[in-house]
Participant: 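Okay, here's the structure, questions in a sec.
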Amino acid sequence: MTTATDMQKEAAGFSTQELLQRVEALKKEMNAVILAHYYTLPEIQQAADIVGDSLALARAAEQNSADVIVFAGVYFMAETAKILNPGKLVLMPDAGAGCPLADSCPEEEFRAFREAHPDAIAITYVNSTAAIKKLSDIICTSSNAVHIVRQIPPEQQIIFGPDRNLGAWVKKQTGRDMLLWQGFCYVHEAYSELYMIQSKAMHPGAELIAHPECREEVLRHASFVGSTSALLDYTEKSPSQSFIVATEPGILYEMEKRSPGKTFIPAPKDPANPRSVCKQMKQNTLEKLYLCMVNRAPEITVDEQLREGALKSIRRMLEMSA
Ligand code: 13P
Ligand code: SF4
């Protein structure tokens with residue numbers, strides 16, 4: 001009998017090309033769709049049918065005819081796909097790839113935060129657990145947060161979480177005074193103003209572009225701020241030939257693919273905080289992708305009551321960002 005360990009050993013012997021071919025064959029056999037985030041490894045993006053930002057991937061999870069969704073991203077992304085597709089098998093190459101930002105917002109503490117502000121509605125970043133989504137009124141992503149907040153009547157108080165940097169940026173864009181949960185993403189928090197100034201001085205022709213999960217002291221030096229998809233579109237359309245990119249460097253693969261003649265410089269890390277790579281996204285290896293399809297595991301499941309509760313706030317996002 002072939003055991004999981006035997007298969008693991010066998011997969012370890014395959015070349016990248018062999019693994020890509022096997023994944024392709026399994027995809028057809030299983031009627032599976034592979035969704036991957038821009039921060040995953042290049043070979044994962046190569047194997048994927050759709051590579052996108054959180055909003056595009058949530059939409060893709062909802063609008064497809066596959067029987068199986070294989071999600072190469074972090075846990076909350078696959079969980080969102082399952083919430084939207086309860087009848088489908090949702091797999092992840094490594095179910096241990098969590099998002100520390102999502103984990104920085106525990107259910108009981110968030111409930112207490114809401115109870116302390118009973119008149120406020122909660123607009124919550126998709127980087128959150130299903131339990132937090134259930135406690136929220138509307139979900140948002142970095143590409144629709146501003147658009148959603150602008151639709152809320154001005155007298156309505158808003159709680160925004162869990163990312164304080166995205167929250168501060170949305171406050172600035174909309175002029176709304178929101179109550180912010182104090183979470184952050186360790187990858188984007190690692191960029192500092194000093195190193196951005198130095199990098200701009202070193203590359204005088206390059207435009208600094210940044211994800212809104214970066215701190216305000218970084219964002220104020222950027223000529224463009226946006227979600228991963230918005231950053232990609234910007235680099236394609238801008239006449240500039242080089243860019244300093246202040247977001248997870250996995251996105252450089254797609255940037256270089258879309259704009260072959262342009263130069264993309266990963267924004268420098270602060271040596272005092274050298275953590276600007278998302279190690280959870282990189283847990284999605286090609287070998288694990290292949291094995292999760294062979295084994296049809298790990299499977300993502302969500303308790304039905306929790307799913308129904310979380311679905312409401314996700315649906316509101318999809319309606320409000322249509
Ligand atoms: P995007 O929705 O911009 O792709 O962001 C997802 C994310 O996790 C950023 O850290
Ligand atoms: Fe979470 Fe940050 Fe990784 Fe995005 S980059 S998945 S917010 S830890």
Side-chain angles (χ1 to χ4, degrees), residues 35-41 44-45 48 50-61 71-81 92-105 123-129 132-133 139-148 160-167 169-170 173 181-191 209-215 218-219 222 224-235 245-255 266-267 269 273-284 314 317-318 321:
L35 309 181
H37 190 267
Y38 292 121
Y39 296 163
T40 54
L41 295 163
I44 294 290
Q45 297 188 43
I50 298 164
V51 186
D53 70 356
S54 309
L55 181 61
L57 294 174
R59 284 208 175 109
F71 213 119
V74 287
Y75 194 86
F76 77 81
M77 295 180 173
E79 189 177 56
T80 303
M92 248 188 111
D94 185 339
C99 167
L101 167 62
D103 297 339
S104 76
C105 191
I123 301 184
T124 302
Y125 195 25
V126 69
N127 297 40
S128 52
T129 62
I132 298 299
K133 289 185 174 80
I139 299 307
C140 70
T141 72
S142 52
S143 48
N144 60 20
V146 169
H147 180 66
I148 286 177
F160 189 95
D163 190 80
R164 65 182 179 202
N165 295 331
L166 175 65
W169 181 72
V170 174
Q173 300 305 302
W181 184 267
Q182 291 301 310
F184 60 86
C185 157
Y186 72 93
V187 178
H188 291 85
E189 188 82 359
Y191 298 116
I209 57 170
H211 193 280
E213 284 177 19
C214 294
R215 288 182 277 165
V218 167
L219 298 181
F224 182 76
V225 176
S227 71
T228 50
S229 294
L231 294 175
L232 270 157
D233 291 346
Y234 183 78
T235 53
V245 184
T247 193
E248 214 281 345
I251 198 170
L252 265 59
Y253 173 74
E254 182 71 14
M255 283 181 173
K269 300 167 195 173
N273 193 358
R275 303 206 298 163
S276 55
V277 168
C278 180
K279 58 174 198 270
Q280 288 74 18
M281 285 282 185
K282 309 306 185 214
Q283 280 175 235
N284 294 284
I314 299 172
M317 167 184 81
L318 295 170
S321 55

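If you read the sequence from its start, that first residue is 1, and numbering goes on from there. Counting starts at 1 for both ligands and their atoms, in listed order. Values below: all heavy atoms of this structure, side chains included; hydrogens, waters and symmetry mates excluded.
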Participant: If every non-hydrogen atom of A210 is compared with every non-hydrogen atom of C214, which pair is closest and at what distance?
Facilitator: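 Result for this residue pair: CB-SG, 4.2 Å.
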Participant: May I ask whether H37 places a heavy atom under 4.0 Å from ligand 2?
Facilitator: no
Participant: What is the distance from atom OG1 of T141 to atom CG of N127, rounded to the nearest 0.5 Å?
Facilitator: 9.0 Å
Participant: Start with the C-alpha gap between Y38 and V51, add the side-chain angles, then the distance that decides, and say whether side-chain contact (heavy atoms from CB on, under 4.5 Å) holds.
Facilitator: CA-CA 6 Å; Y38 292 121; V51 186; 3.4 Å; yes
Participant: Return the residue, atom name and 0.1 Å-rounded distance of the protein heavy atom closest to atom 8 (S) of ligand 2.
Facilitator: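 Among all protein heavy atoms, the one nearest atom 8 (S) of ligand 2 is P100 CD, 3.5 Å.
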Participant: Where is the nearest protein heavy atom to atom 2 (Fe) of ligand 2: which residue, which atom, and how far?
Facilitator: C185 SG, 2.3 Å
Participant: Which atoms of ligand 2 sit under 4.0 Å from any heavy atom of Y186?
Facilitator: 8 (S)
Participant: Could you tell me the residue and atom name of the protein heavy atom closest to atom 7 (S) of ligand 2, and the distance to it rounded to 0.1 Å?
Facilitator: N127 ND2, 3.2 Å
Participant: Among all protein heavy atoms, pick out the one at the shortest distance from atom 5 (O) of ligand 1; state its residue, atom name and that distance to 0.1 Å.
Facilitator: H211 NE2, 3.4 Å
Participant: Within the structure, does N127 bring an N/O atom to less than 3.5 angstrom of an N/O atom in ligand 1?
Facilitator: yes
Participant: Among all the protein's non-hydrogen atoms, which is closest to atom 3 (Fe) of ligand 2, and how far away is it?
Facilitator: C278 SG, 2.4 Å
Participant: Any non-hydrogen atom of C185 lying under 4.0 Å from ligand 1?
Facilitator: no
Participant: Using a strict cut-off of 4.0 Å, indicate which atoms of ligand 1 neighbour a heavy atom of S227.
Facilitator: 3 (O)
Participant: Out of curiosity, E213 CD to Y191 OH, how far, rounded to the nearest 0.5 Å?
Facilitator: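 One gets 10.5 Å once the value is rounded to the nearest 0.5 Å.
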Participant: Please examine the side chains of M281 and V187, heavy atoms only from C-beta on, and report whether any two atoms are closer than 4.5 Å.
Facilitator: no
Participant: Write out the residue and atom name of the closest protein heavy atom to atom 10 (O) of ligand 1, then the distance separating them to 0.1 Å.
Facilitator: E213 OE1, 2.9 Å
Participant: Will you find, in the side chains of T40 and N284, an N or O donor that is under 3.5 Å from an N or O acceptor?
Facilitator: no
Participant: For residues S229 and S227, is any side-chain donor paired with an opposing acceptor at under 3.5 Å?
Facilitator: no
Participant: Donor-acceptor pair, distance only, cut-off 3.5 Å: does the side chain of W169 make one with the backbone of S142?
Facilitator: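 No; zero donor-acceptor contacts below 3.5 Å.
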Participant: Considering non-hydrogen atoms of the protein only, which is the closest contact for atom 6 (C) of ligand 1, and what is the distance?
Facilitator: S54 OG, 3.3 Å
Participant: Side chain, backbone, both or neither: which applies to E248 and ligand 2 if a contact is any heavy-atom pair less than 4.0 Å apart?
Facilitator: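 No part of E248 comes within reach of ligand 2.
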Participant: Is it the case that ligand 1 has an N or O less than 3.5 angstrom from some N or O of H37?
Facilitator: yes
Participant: Please report the shortest heavy-atom distance between F76 and S128, naming the atom on each side.
Facilitator: CB-O, 3.5 Å
Participant: Are any of the N or O atoms of T228 closer than 3.5 Å to those of ligand 1?
Facilitator: yes
Participant: Compare every heavy atom of Y39 with every heavy atom of H211, then report the nearest pair and how far apart it is.
Facilitator: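 Reported closest heavy-atom pair: CD2-OH, 3.7 Å.
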Participant: Between Q280 (side chain) and V74 (backbone), is there a donor-acceptor pair under 3.5 Å?
Facilitator: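 Here the side-chain-to-backbone pair does not exist.
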Participant: Nearest protein heavy atom to atom 1 (Fe) of ligand 2, by residue and atom, and its distance?
Facilitator: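 Sorting protein heavy atoms by distance from atom 1 (Fe) of ligand 2 puts C99 SG, 2.4 Å first.
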Participant: Do you know which two heavy atoms are closest between T80 and V126, and how far apart they sit?
Facilitator: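 Here T80 and V126 meet closest at OG1-CG2, 4.2 Å.
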Participant: Mark up the atoms of ligand 1 that fall under 4.0 Å of a heavy atom belonging to Y39, in ascending order.
Facilitator: 7 (C), 9 (C), 10 (O)
Participant: With heavy-atom distances below 4.0 Å as the criterion, list the atoms of ligand 2 near Y39.
Facilitator: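 Heavy-atom distances to Y39 below 4.0 Å select 5 (S).
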Participant: May I ask you to list the atoms of ligand 1 that are less than 4.0 angstrom from any heavy atom of H188?
Facilitator: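 Contacts of ligand 1 toward H188, numbered from 1: 10 (O).
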